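Each chain gets a letter, A, B and so on, in the order the sequences are listed, and its residues count up from 1. These numbers were taken from a predicted model, which means no experiment stands behind them.
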Amino acid sequence: MAEPLVARSALRPHVAPHASAAGAHGVTLREVENLTLASVAALRGREAELVQAVRAAYGLDLPTGPARVASGKVAFVGAGPGKWLAVSSAPTEFSTLPAAVADQSDGRTVLRVSGPKARETLATLIQLDLHPRTFGPGDAAMTHAASIAVHLWQVDDAPTYEIATFRTFAATLWRWIVEAGQARGLDARAED
Amino acid sequence: MSQPNRLASGGLIDRTRPLAFTFDGRTYSGHPGDTLASALLANGVTLVGRSFKYHRPRGVLTAGSEEPNALVELRTGARREPNVKATVAELYAGLEASSQNRFPSLAFDLLAVNQLASPVFVAGFYYKTFMWPAKLWEKLYEPLIRRAAGLGRAAEAADPDPYEKTTAHCDVLVIGGGPAGLAAALAAGRTGARVILADEDFALGGRLIAERRELGGQSAARWADEAEAELANLPEVTVLRRTSVLGAYDGGVYGAVERVSDHLREPAPHQPRQRFWRIVAKRAVLAAGALERPIAFGGNDTPGVMFAGAVRAYLNRYGVAPGRRAVVYANNDDAARTVADLNAAGCELVAVVDARGDSPALHAAARTAGALLVFGGAVARAYGGQSVKGCEIVDARGGSFNVACDLVAVSGGWNPTIHLTTHLGGRPQWRDDLAAFAPGGTPPGMTVVGAAAGAFGLGEALAAGAQAGAEAANDCGFSGGTFDPPRADDDSGETRGLGPWRVPAKRGKAFVDFQNDVTVKDVELAAREGFRSVEHLKRYTTLGMATDQGKTANVLGLALMAEITGRSIPATGLTLTRPPFTPVALGALGGAHRAKEFKPTRLPPSHFWAEEQGAVFVETGLWMRAAYFPRAGETDWLETTIREVETVRTKVGVYDASTLGKIDVQGADAGAFLDHVYINTFSTMPIGKARYGLMLREDGIAMDDGTVARLGETHYYVTTSTAHAASVMRHLEYCRQWLFPHLDVHLSSITDQWAKYAIAGPRSRDVVAALADDGFDVSDAGLPYLGVKELTVCGGTRARLFRLSFSGEMAFELAVPARYGDALIRAIMAAGEPFGICPYGAEALSVMRIEKGHAAAAELNGQTTAADLGLGGMMSKKKDCIGKVLSQREGLADPARPRLVGFKPVDRSQRLRGGAHFVPRGAAVTAANDEGYMTSVAYSPSNGCWVGLGFLARGQERIGEIVRAVDPVRDGDVEVEVVAPVFVDPEGVRVRG
Amino acid sequence: MRIPCPYCGVRGLDEFAYLGDATLIRPDPAAPGAEAAFHDYVYLRDNPAGLHRELWQHASGCQSWLVVTRDTRTHAIGRVEVARDVAAARGSGAE
């Protein structure tokens, strides 16, 4: 029998370079690894059943709009009418939900961008208005970062954003955030 | 380093810090706060360039971004930038500038002989002179014209500096930081609204810092300083200096360029040279001011002829006297300030020529300055060649006399800067009370204030700005915060500059468009030759078509045409402006994403492993795919590819098939949905089976192909071609949401979720067996051809195994979650090593699919039907699908259409070419005899010759026939034999068993 | 141009993919004269100066197809509806 397969990130330093500016860091960039992700779509006529099941299993009310609700290690992020991205930082079996569920744990890479210059850095890639008056913790959006499809949500007021992108685009997105962050006190490296 | 024309005091420059710079190799000195133009003028340099067509000596006409004359090359080497306006180029230590469009030197320009030949160079000369013989155009005329005419030289090396693009959102965008704009920004900003104030200058204030004015009991410049300080302290206000708002777009979107580092020798590390701003504003206040316009008189382009408002800017803002002996020539009262300011600066006022009758303001100013006052007169001509030495003045009775001077300050009135109001189709309105065009319609959400709206008084500009700023903020839901504009000193009277537009010329050219060398005579000629519409005038004479887009020229040209043709100005017309307001570097439009970062690069799961193997990569759409894996001693791609193909056909090979689009389809109606979009039927396919599928566009043409596997009762797995993955997903969502909204079906892209490797070749089963965990039956009974199963591999990693083949060999597609993709390719190579496995790339894959006659992008080319592809039999007769109805129409069902067949060269040593067209043997190579075309070719190791696929009329009936494959572009003409489009294992034995 | 997506909010034109006339209804393939009806459906378009109901997809957002009412003269965006709701309400489609 062959050796067990080792999991690897889509990011390697030669395509997703690390950088650490001297002095205070305006923006930090990390990969959030080992997430369980799934796309969840409500089956026709069984929408209420899904809402009930999510409430029962995770104590969460599915958001009806582009928002993120979280409890413990599990979060649901609005992904379109009747669609959500389920996110968990612990192994979680979302496929038992009464819904069309597709595992995306490997389909997405999630980057965390944080710090006082995070908004300014992201503004070079993302055209959304991330001003605190219009976008805050719990808000989510699907958009593109200079043509790379992203699904992002704000976690806290640091501000911290988590940005899910398709895995095969992740190295490019990392490089582009690094490029934009270089002049803004960037700290980009692997999680400690 | 003396600055002979620097005034002893005054100006917003830092006299404590000298800045050395060079112009045409000579070193001069200026100060922080100077532009290159002000510094040159301070140093007594008035000749700064040569004109576009006639190589006339040119100086500085304006003090702003409308400058048509003083264009220079800035910097050297890779950072050399042509056509920089000296009037906006901010001085820095070590600045290097050179004049352009002169040969061999600025003062002695051989090409100035163009002036003597000027009858040849009149309007339309391109059309008239170079009409024929046409073949001379490329070799003779164009190089000649390019040397003689033209502007600066672009850098020859790649621009080393980064650029950045960014987006900003605001409640209120204020365009222009003059009095009206500052008032608007303060009024809006104090409410707490999010405000962006953008000004193209490096200092805020607009005319406030160019004039000697008082506001609220202090100098206007001081007031502007305080306003800027307050704005800087308002947390939701962003002030963007050095930022030109270039265009207004639908939905309250504005484009702007910030010159972040243009005022530095080179950008600081990681700082962009320029930043392009996409500004999304709920409301906008346009406070762009006004631009002065010329009067057309002889020699009005001589260095030393300058706009009267610009003269004040140099005196007051920069502490520079543009001349010491001045003549002021104007048709409005505003120029009275120029008279007063020149007098205050100690300059001699030789004469004040008022084109109107006697007017109190100019009269008083002239008297105070002790100047000769000529009312109802004109400056007929300025003379002096490389700098003004004097001018000829005509008085009201027609008498003329010459005066010596070194500066002629001209004002033909003011044009409101309305460009942004026209970008969405707003049509400016001529206002007789202003003798100028004022905004007609404006983009939704925009208010125009101050001089841009034709309100030239300082007090009214402040009041209107404050009101517009407050209203804009209120509209966005903000209230509170008050701003009472300060009291302004009195405005002079008449700023209306209605004519004369030109002075009947005795001698010398009278210029209308300085940058494109368009003269009054050119406009007259255009009128004579019938080019009287404004659009014709523009194109025939090139009026307004230079890099300044005619900011100083257009209204004058229009007025002249009106006068010549006896029409009113509004009846004569107006050319609308388009973005950008000022020229933009392409680098700024591109931003950070250029060269290799122009688009994202998608890296498939085996990428890092393939790099280690020394693979040669090929870009396929966004993907970086391994093209082939050369081994030591192999000399070219073909040798490597042949070896990879032969290994797959005799042993086993592995290919990263992860780039194919993968879509998870679930729902009670998933099968029914797929039946709608594919020509064949999937609702009845058993679970655990896969099948090839073809989808059509509604017009009956093939759209994409792929495989569909059924994983469960309500669960399918669809693959698309790599190239069409995104468009197929969009199409399927369109079908799901719009055409078949009642179906319970859900689509999820899982392309990136799975790493998928094709393991192909006679020994492929051995390799899979070595990877599969105990108990999984890899035999043909356990997983027959077109079977699908879930399993675990390598000790517990869940996987999907598909018995599918693109190569024509026995093959499996093994998929694992992408995080294991890197480990799996290594495991496959290790497991396959005893069987002689090799990795193969896109080249070998392409050879093998051609050998098997599988259609790919070259065949699914947007012109072919299922029947053309030989797949007509797949179309279900029992159901409808997208494209079925129109695929049966007469033209598409015609049996004479070209059909997919194979080709081999009759002389087996000959090479085939994709793109060759088929003609019958013995027939002429004409379009009438064209019978189809070759789509794909490859050297087939299995056949020992080149083979091709292509579409040939009635091809399926012509197997064995010989036709010509003609490729006129590459001198190809090869006789080919028509064969069945399968070159390997035609019975399809190998994929089974 | 900016389009208010009912789910995502107002977004720039670059996030949307255009298809065209939203008033066209896919003909019944089984009805007599289907080929002519499909020909018109696929090829014939009005080109109104003024309000136009048209299909857009929020391709870089929630993937929703939308029925957008746009003034072709000014690019002013009026009503924006979720296409699936519009289609379901009019009872189109095969089932």
Report which part of [X] has an atom under 4.5 Å of a heavy atom belonging to chain A: side chain, backbone, both, or neither.
X       : result
A592(B) : side chain
W277(B) : neither
T601(B) : both
L622(B) : side chain
R275(B) : side chain

Which atoms of [X] come close to chain B, meaning under 4.5 Å heavy atom to heavy atom: side chain ones, backbone ones, both, or neither?
X       : answer
I126(A) : backbone
A10(A)  : backbone
L173(A) : neither

Max heavy-atom pair count under 4.5 Å with chain A, selected residue of W623(B), W754(B), F276(B):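 If we count pairs closer than 4.5 Å to chain A, W623(B) comes out on top.
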Contact winner vs chain A - A823(B), P817(B), P600(B), heavy-atom pairs under 4.5 Å: P600(B)
Heavy-atom closest pair, residues F166(A) and S749(B):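 That would be CE2-OG, 4.3 Å.
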Which atom of Q127(A) lies closest to which atom of T167(B), heavy atoms considered: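 Shortest heavy-atom contact: CG-OG1, 3.3 Å.
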Say you draw a straight line from [atom1] of [X] to [atom2] of [Y]; how long is it, rounded to the nearest 0.5 Å?
X       : Y       : atom1 : atom2 : result
H14(A)  : F608(B) : NE2   : CZ    : 5.0 Å
R12(A)  : E611(B) : CZ    : CD    : 9.0 Å
F169(A) : K599(B) : CZ    : NZ    : 10.5 Å
H746(B) : K83(A)  : NE2   : NZ    : 10.5 Å
D171(B) : H131(A) : CG    : NE2   : 8.5 Å
T172(A) : K596(B) : OG1   : NZ    : 12.5 Å

Distance-only polar pair, side chains of S748(B) and S39(A), donor-acceptor under 3.5 Å: yes
Short side-chain donor-acceptor distance under 3.5 Å, H270(B) and E179(A): no
Audit row: R194(B), D129(A), side-chain contact (heavy atoms from CB on, under 4.5 Å) steps and yes/no: CA-CA 12 Å; R194(B) 296 163 65 190; D129(A) 187 1; 2.8 Å; yes
Geometric class of the H593(B)/W176(A) ring pair [parallel <30°, tilted 30-60°, perpendicular >60°]: parallel
Side-chain ion pair, R184(A) and E164(B), N-O less than 4.0 Å: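 Salt bridge: yes.
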Identified side-chain contact (heavy atoms from CB on, under 4.5 Å) partner of L603(B) from the options L11(A), T168(A), V15(A): V15(A)
Winner by heavy-atom pair count (cut-off under 4.5 Å) against chain B, out of R46(A), Q182(A), E120(A), R175(A): Q182(A)
Within residues 97-111 of chain A, residues adjacent to chain B where the heavy-atom gap is under 4.5 Å: A99(A), A100(A), V101(A), A102(A), D103(A), Q104(A), S105(A), D106(A), G107(A), R108(A)
Test item: R8(A) and R819(B) side chains (from C-beta on) under 4.5 Å apart, heavy atoms: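 Contact flag for R8(A)/R819(B) side chains = no.
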[X], [atom1] atom: more than 12 neighbouring heavy atoms under 6.0 Å:
X       : atom1 : answer
E33(A)  : CD    : yes
K117(A) : NZ    : no
E833(B) : CD    : no

Side chain D744(B), main chain R44(A), donor-acceptor under 3.5 Å: yes
Test log, rule side-chain contact (heavy atoms from CB on, under 4.5 Å), inputs L5(A) and V793(B): CA-CA 9 Å; L5(A) 301 180; V793(B) 297; 4.3 Å; yes
